[in-house]
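Heads up: the structure comes next, in structure tokens.
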Amino acid sequence: MPALLSLCPKLYTMSNSQLSEQEVQRREAMLKLREMGIEPYPAALYPVNHLSDKIKENFEEGKKVVIAGRLMARRIQGKASFGELQDSAGRVQVYFNRDEICPGEDKTMYNDVYKKLLGIGDFVGIEGELFRTQVGEPTVKVEKFTVLSKSLKPLPLPKTDEDGTVHDAFTDPELRYRQRYVDLVVNPHVKDVFVKRTKLFNAMREYFNNAGYLEVETPILQPIPGGAAARPFVTHHNALDIPLYMRIANELYLKRLICGGFDGVYEFSKNFRNEGMDRTHNPEFTAMEIYVSYKDYNWMMDFTEKLLEHCATSVNGTTKAVFGEHEVDFKAPYKRVTMRQSILDFTGFDIHGKSEEELREGAKSLGVEVDETMGKGKLIDEIFGEKCEPNYIQPTFIIDYPKEMSPLCKAHRDNPELTERFELMVCGKEIANAYSELNDPIDQRERFEEQLKLSEKGDDEAMFIDQDFLRALEYGMPPTSGLGIGMDRLLMYLTNNQSIQEILFFPQMRPEKWDAPAGPELTDNEKIIFDILSKEGSMDLGALKEAAGLSNKQWDKGIKGLGKHGLTKVTKTDDALTVEVVD
RNA sequence: GAUUCUGUAGCUCAGUUGGUAGAGCAUCUCCCUUUUAAGGAGAGGGUCCUGGGUUCGAGCCCCAGCAGGAUCACCA
């Protein structure tokens, strides 16, 4: 154990596992700095006055700057050295010259502090002057540097060559998602996605606020999870001694606020659904829901296409977005196709006026899998999902859904079997869903009761009856149109990411195991061998193996393990191997 | 949930019929004053995911588990 560290054994176990050589070296460097009177984690404010991008954009020879960031590269050549400092805006080259930094006899700051005790990943502050190297690179000549935070773990070091090819990239998705902080440091493009995420939210918020609508907050812990068909997470409130559910949607609360007299309310809603996880589903995700009174779904379609055009432009500077092999254009207006027409277009089958049995036969003849529990609405939805949905690449409104699928939506003004509902399809997936909201309290109660029947038939996603919501409708809700947008999915389209995990800072993952072995814990095999050996103190290797009675594999693992723990030692004499206990 | 692939140094990855564990970068030591992915020389660094099994011998073969990716199914 290195001398300095032996004084501070705690430093060895600060993280989850045993320290690598590099981690030990960094800890030693940190302690050495402190010994020299340089605090590796100083408290004082550091007076940063420039960012790397502005230095390069508005370069002025001889200008004095104060910058700070992580040291991300070093090219040391004797008394001079070039480094790269990375701050929130990017990287800038810095030039360390021994005699600039240490004008006197004492060259410690360059020779020891900079060259030996600092490393890649450390935060340093730099005061210096701008100049261009012979190659023309804008560079900060360091006059004084300050250690701001010593990094104890080595960062992965991707490198970009002259052709722009990245070598040794930090690409393992598991590591990137679990250690997003590292991902953000070494993969600059990852940051861009999250900047766009915030731009998208800001653009949408701006659009709604300009229209005069109010951003609100509604409960996340709900006694009755409503507003969507999904399995909720359940928790328990101790003081009330009742179960509470994490919200699966905020629809019913926002509509209560419309009952209360707001013209328009919206909320960016973290929703929670206890369902499968994959590259497009995270247990918590963000939806935006907006409700506007005295409007219908036709108005909402106009509003939605203008909204998305505005958002796409704000995020990417253009209405066009590339997603995988597709180029999508969010420029309004979008095509509007009824569900009946869509199915007719892609299958030639007309669902109009068909009985449940006729629909089932129709579905079967189209090769769509169906079963006996499916009602009319479900059957139509299956046919649409299977045969039509994947075909809509450019933004397209699909309108007039069957009633059974939409328990919160107003019946169609021209056809009581349908509802005034649209979904917006992009790249074969739904990204928005909107209704002329059902405000007839009697009708709403009946729809809830139908859901209850579904639930009794075993549909674990059917909705509960929300009596308080019905009471609000009985007091009266004006005609209202509502819209929900899957923000994560929309962002995936706008940033060309195929995985939801790429656009969430911290996607849900199975927890890591952090069990740190406290000292040399022996396995069963090691114990058996060690017990026998410790009675003798020293034994012939063959005899010990015989006495232990273990299989070859177990013996091998056991004896090697003991050696590693430093408990035993094997010595070779002329014709024998002897094992002895180490004190 | 099903199928399939992967797990080796700090990072990215090789590893032959099953026979002493490898490379590049990073780290450490020495030399070098304007370099642009990598200057030169040398050194150190490993629970080959875990546990069993087969074998004289396993990173490699077999079984089980853990973790992750991809595809599919349900959902947004």
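Below, chains carry the letters A, B, ... as their sequence lines are ordered, and counting in each starts from 1.
To the nearest angstrom, C1' of U34(B) lies 12 Å from CD of E61(A). Regarding N497(A), its CG atom lies at a distance of 16 Å from the C1' atom of A70(B), rounded to whole Å. Residue L19(A) contributes atom CG, which lies 15 Å from atom C1' of A9(B) at whole-angstrom precision. With rounding to whole Å, I503(A) atom CD1 is found 16 Å from A76(B) atom P. What separates NZ of K116(A) from P of C28(B) is a distance of 10 Å, to the nearest Å. Atom CG in D112(A) sits roughly 10 Å away from atom P in C30(B) (whole-Å rounding). Following rounding to the nearest Å, K159(A) (NZ) and U36(B) (P) show an atom-to-atom distance of 16 Å. What separates CD1 of I76(A) from C1' of U36(B) is a distance of 16 Å, to the nearest Å.
Ring centroids of F145(A) and F96(A) are separated by less than 6.0 Å, placing the two rings close together.
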Mind listing the N/O atom pairs, protein and nucleotides 11-13 of chain B, below 3.5 Å?
unit_1, atom_1, unit_2, atom_2, d
C11(B), O2', D168(A), O, 3.3

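Comparing U16(B) with A23(B), their P atoms are spaced 16 Å from each other, to the whole Å. The same atom, P, is picked in G15(B) and in U3(B); the two are 28 Å apart, to the nearest Å. Spacing of C1' atoms, G18(B) relative to C61(B), comes out at 8 Å, to the nearest Å. Look at the C1' atom in both C13(B) and G46(B): the space between them is 15 Å, to the nearest Å. Straight-line distance between the P atoms of A2(B) and A64(B): roughly 14 Å, to the nearest whole Å. For the C1' atom pair drawn from G39(B) and C32(B), the interatomic distance equals 8 Å after rounding to whole Å. For the C1' atoms, the distance from U29(B) to A37(B) is 24 Å, rounded to whole Å. For the C1' atoms, the distance linking A9(B) with U27(B) amounts to 11 Å, nearest Å.
A residue-by-residue look at D99(A) and T286(A) shows that D99(A) has its nearest nucleotide of RNA chain B further toward the 5' end.
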ring-ring contact (aromatic ring centres under 6.0 Å, His included) evaluation trace for Y291(A) with Y266(A): CA-CA 6 Å; Y291(A) 292 81; Y266(A) 70 95; over 10 Å; no
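For G39(B), its base never sits under 3.5 Å from the side chain of Q77(A) at any donor and acceptor pair.
The side chain of Q25(A) places no N or O atom within less than 4.0 Å of a non-bridging phosphate oxygen (OP1 or OP2) of G44(B). Within the structure, every side-chain polar atom (N or O) of R75(A) is placed at least 4.0 Å from both OP1 and OP2 of C32(B).
R98(A) comes within 4.0 angstrom of nothing in the nucleic acid, heavy atoms only. Backbone-only contact: Q501(A) has heavy atoms under 4.0 Å from sugar-phosphate atoms and none from a base. Using a 4.0 Å heavy-atom criterion, one finds that K378(A) contacts the sugar-phosphate atoms exclusively. Contacts of E430(A) with the nucleic acid, taken as non-hydrogen atoms under 4.0 Å apart, involve only primed sugar atoms and P, OP1 or OP2.
A donor and an acceptor atom, one from each side chain of E267(A) and Y253(A), are nowhere located under 3.5 Å apart. S269(A) and R247(A) are linked by a side-chain donor-acceptor pair at a separation below 3.5 angstrom, with hydrogens and angles left out of the test.
A search for ring pair (Phe, Tyr, Trp, His ring centres under 6.0 Å) contacts involving F82(A) returns Y95(A), not counting sequence neighbours.
A side-chain donor-acceptor contact under 3.5 Å links R273(A) to the backbone of I248(A).
The aromatic rings of F397(A) and Y334(A) sit tilted relative to each other, their planes meeting at an angle between 30° and 60°. Ring orientation note: the planes of F464(A) and Y245(A) are tilted relative to one another, at an angle of 30° to 60°.
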